[in-house]
Amino acid sequence: MGNLMGTLKTLHLDLRSNDKPTFDAKKGFGYTRAQRKMIAKDDDLISARIPPKFRDYCAHLLLDYQVCRYKNVPLMYKCHKERHSYLNCEHDDYVIRMQEFERERRLRERELRLKSDKK
């Protein structure tokens with residue numbers, strides 16, 4: 001339910017945190033941004049029984065972490081590097097998603113402002 005909600009500042013824009021971008025990905029940038037790619041394969045995620053909610057851009061690191069945990073069952077501390085890299089990736093992914101949300105909010109605000117100026 002948390003992903004379906006926006007903020008009080010975005011209700012008038014009909015913007016929610018899990019909405020897809022409505023503007024061109026290049027708008028507002030002087031450079032071309034690289035497209036993000038999934039590294040982990042769906043077959044690997046299914047065979048490792050990774051739940052769909054964890055199948056994001058960091059899933060390949062989660063797979064590494066799960067394999068390490070499986071190999072070192074009672075000694076989980078040996079997987080601290082894999083866990084750290086997975087959690088860092090999740091944090092970076094969160095930051096990117098919030099930046100995209102803010103970009104979308106600002107572009108929608110700009111569009112509304114330009115429409116109201118023309119009237």
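- Under 3.5 Å, the side chains of His60 and Asp64 contain no donor-acceptor pair of N or O atoms.
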Side-chain donor-acceptor contacts of residues 52-59 below 3.5 Å, not counting sequence neighbours, with atom names and distances?
from  : atom 1 : to    : atom 2 : distance (Å)
Arg55 : NE     : Ile50 : O      : 2.8
Arg55 : NH2    : Ile50 : O      : 2.7
Asp56 : OD1    : Cys58 : N      : 3.1

| task | Dump the intermediate steps for side-chain contact (heavy atoms from CB on, under 4.5 Å) on Arg108 and Leu112, then the final yes or no. | result | CA-CA 6 Å; Arg108 286 188 187 187; Leu112 282 176; 5.9 Å; no
| message | Could you go through Glu90 and Leu62, starting from their C-alpha distance and side-chain angles, then the distance that decides it, and tell me whether this counts as side-chain contact (heavy atoms from CB on, under 4.5 Å)? | response | CA-CA 10 Å; Glu90 282 292 320; Leu62 179 59; over 6 Å; no
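- In this structure, NE2 in His84 is found 4.0 Å from CG in Asn88, a value given to the nearest 0.5 Å.
- Atom CG of Asp92 is surrounded by more than 12 heavy atoms from other residues, nucleotides or ligands within 6.0 Å.
- Considering only heavy atoms from C-beta on, Leu107 comes within 4.5 Å of Arg103 through its side chain.
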| request: Start with the C-alpha distance between Asp117 and Arg113, add both sets of side-chain angles, then the distance that settles salt bridge (charged side-chain N to carboxylate O under 4.0 Å, His left out), and finish with yes or no. | output: CA-CA 6 Å; Asp117 288 345; Arg113 191 174 60 246; 5.2 Å; no
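- With rounding to the nearest 0.5 Å, the separation of SG in Cys68 from NZ in Lys81 is 10.0 Å.
- Rounded to the nearest 0.5 angstrom, Glu109 CD and Leu114 CG are separated by 11.5 Å.
- Both Met38 and Tyr86 sit in one connected hydrophobic cluster of ILVMFWY residues. Membership requires side-chain heavy atoms under 4.5 Å apart, directly or through other members.
- Val67 and Leu87 fall into different hydrophobic clusters, where Ile, Leu, Val, Met, Phe, Trp and Tyr are joined by side-chain heavy atoms under 4.5 Å apart, directly or via other members.
- In the displayed structure, Arg49 atom CZ is contacted under 6.0 Å by at most 12 heavy atoms of other residues, nucleotides or ligands.
- Both tests hold for Arg69 against Tyr65: distance to the six-membered ring centre under 6.0 Å, angle to the ring axis within 45°.
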| task | Evaluate the criterion salt bridge (charged side-chain N to carboxylate O under 4.0 Å, His left out) for residue pair Arg106 and Glu102; output intermediate values, then yes/no. | result | CA-CA 6 Å; Arg106 289 179 184 207; Glu102 180 64 18; 2.8 Å; yes
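- Pairing each heavy atom of Ser85 with each of Leu61, the nearest pair is O-CD1, 3.6 Å.
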